[in-house]
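Comments concern the structure below.
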Number of protein chains: 2
Amino acid sequence: MAYDDLPFRMLAASNAMTEAIDAGVRAAGYPDLRPAHGFAFVRLSGPGCTLVELADHMGMTKQSASTLVADLERKGYVRRSPHPVDGRATMLTLTPRGVAATEAASRAGRDVVRRWAREVGDERLEVFAQVAAVMAREGRVRPTW
Amino acid sequence: MAYDDLPFRMLAASNAMTEAIDAGVRAAGYPDLRPAHGFAFVRLSGPGCTLVELADHMGMTKQSASTLVADLERKGYVRRSPHPVDGRATMLTLTPRGVAATEAASRAGRDVVRRWAREVGDERLEVFAQVAAVMAREGRVRPTW
DNA sequence: ACCATATAGTCAGACAGCCTGACCAAACAG
DNA sequence: CTGTTTGGTCAGGCTGTCTGACTATATGGT
């Protein structure tokens with residue numbers, strides 16, 4: 001078997017996923033969010049984190065992360081508050097709007113997965129997810145989107 | 001089933017693929033090539049194409065494509081020649097070095113696919129490829145890599 | 001044959017997202 | 001209580017993309 005075009009299929013599939021989620025998020029009323037933001041939101045969810053932790057998660061410098069956070073704060077998705085125990089650090093957390101946007105993204109993701117599941121069947125999708133997990137082991141999730 | 005992290009797996013898997021190919025190409029002696037270049041090479045292979053055709057393939061403006069081609073020409077991977085029938089256009093083709101780099105990329109792709117096939121089995125990989133094809137139908141292959 | 005319009009490609013300028021380097025202030029370790 | 005580490009900002013630069021304006025060739029209607 002050749003699988004010469006598997007790289008292209010994988011790329012196209014992952015782009016289709018990203019675009020579907022992005023479109024869902026926009027349609028839900030958050031047109032100023034881009035896919036990279038969603039990746040940040042994952043880390044910001046729950047208890048939140050500091051800037052350096054976010055930068056590490058995103059695989060970027062703290063300077064770049066700082067710019068990103070400033071943007072998200074200006075748009076009303078992220079809040080900065082003093083760190084409870086470390087006077088140098090800032091705690092970053094999602095605002096209610098940020099949480100709502102995160103939920104919209106999850107919903108959009110579930111929707112497209114469900115649609116695909118109907119097309120290919122639950123069994124095949126399950127195999128796909130398992131194989132993807134194996135492949136994903138050696139690949140960082142970079143916010144290349 | 002949840003599949004809440006399927007988007008991340010897909011992204012990580014596609015990044016793993018891209019990085020494996022990129023690493024293979026570098027190791028084969030083409031350190032000045034980046035994944036986006038490989039995507040251009042696909043269109044430049046064989047009879048070649050014009051700048052506008054390449055731009056369309058890459059999903060970018062002709063101005064950006066022009067910059068890309070200038071870079072590839074300077075590095076010795078692409079040749080410009082007058083178009084046989086259209087005096088306005090330029091024919092873009094791969095140099096022997098460009099063809100060799102393309103082959104190195106194919107080889108690297110096959111290698112990593114073969115490795116994964118050994119891990120998950122031919123059957124599961126086949127299902128993966130089929131499902132990816134379905135997903136890929138609605139996603140452009142953008143040179144986001 | 002001629003002119004109007006469409007097309008291939010270039011040049012110039014701007015912007016977004018990322019980087020490196022230098023720096024400040026709080027925390028921590030001896 | 002002083003030296004080093006760590007969280008974060010500011011300043012400046014690079015790269016890849018974009019839009020807008022332009023030249024030159026091709027094409028089609030009269």
Side-chain angles (χ1 to χ4, degrees), chain A residues 11 15 18-19 22 31-41 43-44 47-75 77-93 140-145, chain B residues 11 15 18-19 22 31-41 43-44 47-75 77-93 140-145:
Chain A
L11 209 51
N15 281 338
T18 301
E19 279 164 24
D22 194 42
D32 52 0
L33 286 182
R34 304 200 316 109
H37 297 147
F39 188 63
F41 282 21
R43 189 67 180 82
L44 292 166
C49 64
T50 69
L51 186 70
V52 168
E53 287 166 350
L54 179 65
D56 183 58
H57 173 73
M58 301 282 287
M60 54 169 57
T61 60
K62 54 187 181 175
Q63 293 91 326
S64 302
S66 180
T67 309
L68 181 69
V69 166
D71 184 43
L72 288 175
E73 188 183 23
R74 189 175 51 74
K75 288 174 177 165
Y77 294 101
V78 169
R79 185 175 31 226
R80 295 169 124 106
S81 42
H83 193 284
V85 301
D86 192 331
R88 300 166 300 176
T90 318
M91 275 308 289
L92 305 173
T93 47
R140 245 188 88 74
V141 183
R142 299 279 223 64
T144 318
W145 10 356
Chain B
L11 208 51
N15 281 338
T18 301
E19 279 165 22
D22 193 44
D32 52 359
L33 286 182
R34 303 198 320 109
H37 296 147
F39 188 63
F41 281 23
R43 190 67 180 80
L44 293 166
C49 65
T50 70
L51 186 70
V52 168
E53 286 166 352
L54 179 65
D56 183 57
H57 173 72
M58 302 282 288
M60 53 170 57
T61 61
K62 54 187 181 176
Q63 292 92 327
S64 302
S66 181
T67 309
L68 180 70
V69 166
D71 184 44
L72 288 174
E73 189 183 23
R74 190 175 51 75
K75 287 175 177 165
Y77 294 100
V78 169
R79 186 176 30 228
R80 293 169 125 107
S81 42
H83 192 284
V85 302
D86 192 331
R88 300 165 300 177
T90 319
M91 275 307 290
L92 305 172
T93 47
R140 245 188 89 73
V141 184
R142 299 280 224 63
T144 319
W145 14 353

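Each chain gets a letter, A, B and so on, in the order its sequence line appears, and its residues count up from 1.
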> Between D:dC18, C:dT10, C:dG9, which one does the side chain of B:T90 approach most closely?
Replying inline: C:dG9
Starting at atom [atom1] of [X], determine the distance to atom [atom2] of [N], rounded to an integer number of angstrom.
X: B:H57; N: C:dA8; atom1: NE2; atom2: P; result: 17 Å
X: A:H83; N: D:dG7; atom1: NE2; atom2: P; result: 9 Å
X: A:M60; N: C:dG17; atom1: CE; atom2: P; result: 10 Å

Are OP1 or OP2 of [N] and a side-chain N or O of [X] less than 4.0 angstrom apart?
X: A:S66; N: D:dT9; result: yes
X: A:R80; N: D:dG7; result: no
X: A:T50; N: D:dG8; result: yes

State which residues pass side-chain hydrogen bond (donor to acceptor under 3.5 Å, both in side chains) with [X]; sequence neighbours excluded, sorted by chain then number.
X: B:T93; value: none
X: B:E73; value: B:R80
X: B:D86; value: B:R88

> In the 5'-to-3' direction, what one-character label does each nucleotide of nucleotides 21-29 of chain D receive under the scheme B = base within less than 4.0 Å of a protein heavy atom, S = sugar-phosphate only, - = no such atom?
Replying inline: ----BS---
>> Angle between the end axes of the helix from C:dA1-D:dT30 to C:dG30-D:dC1, five pairs per end, to the nearest 10 degrees?
In response: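 If I round to tens, the end axes sit 20° apart.
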>> Judged by each residue's nearest nucleotide on DNA chain C, which is more toward the 5′ side, B:A89 or A:D71?
In response: B:A89
> Under the salt bridge (charged side-chain N to carboxylate O under 4.0 Å, His left out) test, which residues partner A:D32, sequence neighbours left out?
Replying inline: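 In terms of salt bridge (charged side-chain N to carboxylate O under 4.0 Å, His left out), with neighbours along the sequence ignored, A:D32 is linked to no residue.
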>> Over all strands shown, is B:S64 touching base, sugar-phosphate only, or nothing at heavy-atom distances under 4.0 angstrom?
In response: base
